[in-house]
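Data first, discussion second: the structure below is written as structure tokens.
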Amino acid sequence: MDFDLTKDQQDIKKAAREFAEGEFPELARECDQEEKYPRDLVKKAAELGFIGINLPEEYGGSGFGYLERCLITEEFWRVDPGLGSVLSSATFGADMIHLYGTEEQKRKYLVPLTKGNAVMGSAITEPNAGSDVSAIITSAKKDGGDWVINGNKIFITNGNVAGYFTVICLTNPEHSSRHRRHSVILVERDRKGFESTKLHHKLGIRASDTAELYFKDVRVPLGNLIGEEGNGFYQFMEFFNRTRIHVGAQGVGIAQGAMERAIKHAKKREQFGKPLSSFQATQFKIAEMATRIQAARNLVYEAACKADKGKPDHKLTAMAKWYAGETAVRVADEALQIHGGYGFMGEYDIERFYRDSKIIEIYEGTKEIEKIIISRAILKETLG
Ligand SMILES: Cc1cc2nc3c(=O)[nH]c(=O)nc-3n(C[C@H](O)[C@H](O)[C@H](O)COP(=O)(O)OP(=O)(O)OC[C@H]3O[C@@H](n4cnc5c(N)ncnc54)[C@H](O)[C@@H]3O)c2cc1C
């Protein structure tokens, strides 16, 4: 097994680091405090090829894989999770179109993303259907040549800024299997009857836009179906098998950024006549942080490599997402602790990292749901 990055991968990582270090620091605090979505940053990142890196070149992507995308995500989140989140989520839903869309849909909806002319979203969660995706009740009924959609979705990333969404709707409520009742339908923002409202006062990733969506007799052509009718649940599970790897990379990035800030502080800050870094208690914290980060990174990279070979491994993806999320939360906590009272104050980045880290344990499958996936796979593999 070769653990070294190729020259191309090293270059991508370096370019992403330089971009983030150059563009993020000043913007990060402003966007966090003002809950401001930085549209221009998305355009700039797209122009440099950072958006849609794992999409094929014929749709404007860079034709690289999930691993390369993870390298970029990690570097962006290391500098600022809020802005990292804006850039990582700009194409949230593109994998669904890439995996299941028709050629026409790919051209129509992927190209604007990679050019930075549009961002998209994926609308799954509803007020009464979060972890239990099969409980979704937003309905889509056929009427002539259209789907007519009614319902609402909550906590939708890019809800106020996306040009279009992949929306999972109840289309076959009578099917005997709860997992064969839903379909994925693409809904453009400018359809009559569609509305979004911004959700304010999030704990973290406040640069990222989050909204509630409302569909009132929204009509879209039958041709906006993505994939197969009745296959929406399984399509989203396949989608998450891939996108959760990136969420793992987000966790690794947060943890790495938090640890680096803690080390810098520990070397500079003196108490009892010595730098904090000279105390064994601090040294052990650093050793634990670094080891957890390395373990999380290895899980994420292995999961990404499997996906790049066309064989995403849902157990490994769930392990990577859960463990990287826990690592982000723990490391941000310890890194803030090393900052003492200064860490509690808004003028230090670590306060933001601490708030931002929690989301990794919640979205795209909570840590409990990841553990259910892991344990189910292991119990199934184990005979007797
Ligand atoms: C900032 C943000 C952005 C988001 N972006 C999107 C988006 O773009 N698109 C989208 O569709 N959704 C999005 N979400 C929603 C997110 O995916 C859900 O919040 C998440 O899946 C959990 O669903 P829930 O909030 O309804 O919690 P619930 O499902 O109600 O879960 C509450 C708690 O119960 C636990 N639990 C539930 N079921 C079980 C079980 N069977 N066994 C053990 N424990 C269980 C959960 O793990 C959790 O701890 C976003 C959320 C946030 C906060």
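Given the structure is predicted, the values throughout are model-derived calculations rather than measurements. Every number for a ligand or one of its atoms is a count from 1 in the order of the listing.
Counting only heavy atoms of the protein, atom 46 (C) of ligand 1 lies nearest to T366 OG1, 3.6 Å. Here the heavy atom of the protein found nearest to atom 21 (O) of ligand 1 is I362 O, 4.0 Å. With hydrogens left out, the protein atom closest to atom 1 (C) of ligand 1 is I359 CD1, 3.5 Å, a heavy atom. Among protein heavy atoms, atom 40 (C) of ligand 1 sits closest to I372 CD1, 3.9 Å. Nearest protein heavy-atom contact of atom 50 (C) of ligand 1 is F155 O, 3.2 Å. From the protein, the heavy atom lying nearest to atom 44 (N) of ligand 1 is E368 CB, 3.8 Å. Given atom 24 (P) of ligand 1, the protein heavy atom at minimum distance is G130 CA, 3.9 Å. When only non-hydrogen protein atoms are considered, atom 10 (C) of ligand 1 lies nearest to T125 OG1, 3.3 Å.
Within 6.0 Å of atom CD in Q280, 12 or fewer heavy atoms from other residues, nucleotides or ligands are found, so the atom counts as exposed in its surroundings. Within a 6.0 Å radius of CZ in F344, no more than 12 heavy atoms belonging to other residues, nucleotides or ligands are found.
Protein non-hydrogen atoms do reach within 4.0 Å of atom 6 (C) of ligand 1. Distance remark: protein heavy atom not present below 4.0 angstrom from atom 33 (C) of ligand 1. Protein non-hydrogen atoms do reach within 4.0 Å of atom 17 (O) of ligand 1. Within 4.0 Å of atom 30 (O) of ligand 1, not a single protein heavy atom is present.
When the options K14, K13, K7 are evaluated for a salt bridge (charged side-chain N to carboxylate O under 4.0 Å, His left out) with D11, the one that passes is K7.
F50 and F19 have their aromatic ring centers within a separation under 6.0 angstrom. Two rings, from F76 and F24, have their centers less than 6.0 Å apart.
Neither the backbone nor the side chain of D132 comes within 4.0 Å of ligand 1, counting heavy atoms alone. In E364, the part holding a heavy atom less than 4.0 Å from any atom of ligand 1 is the backbone. With a heavy-atom cut-off of 4.0 Å, N158 does not touch ligand 1 at all.
Contact between S122 and ligand 1 is present, with at least one heavy atom of the residue lying under 4.0 Å from the ligand.
T6 and D8 share no side-chain donor-acceptor pair at under 3.5 Å. Judged purely by distance below 3.5 Å, without hydrogens or angles, the side chains of E74 and Q256 never pair a donor atom with an acceptor atom. Looking at E229 and N172, their side chains do bring a donor and an acceptor atom within 3.5 Å of each other. Side chains of K202 and T210: a donor-acceptor N/O pair is present below 3.5 angstrom, by distance only. A donor-acceptor contact closer than 3.5 angstrom is absent between the side chains of N158 and D209. Counted by atom type alone, E188 and N224 present one or more donor-acceptor pairs between their side chains at under 3.5 Å.
Polar contact with ligand 1: present for T157 (N/O pair, distance under 3.5 Å).
Close approach to S131 involves these atoms of ligand 1, each under 4.0 Å from a residue heavy atom: 23 (O), 28 (P), 29 (O), 31 (O), 37 (C), 38 (N). Atom numbering of ligand 1 starts at 1 in the shown order; those under 4.0 Å from a heavy atom of I156 are 7 (C), 8 (O), 9 (N), 10 (C), 11 (O). For ligand 1, the atoms closer than 4.0 angstrom to any heavy atom of I124 are 10 (C), 11 (O).
With respect to the salt-bridge test (charged N to carboxylate O, under 4.0 angstrom), the residues R78 and E21 qualify.
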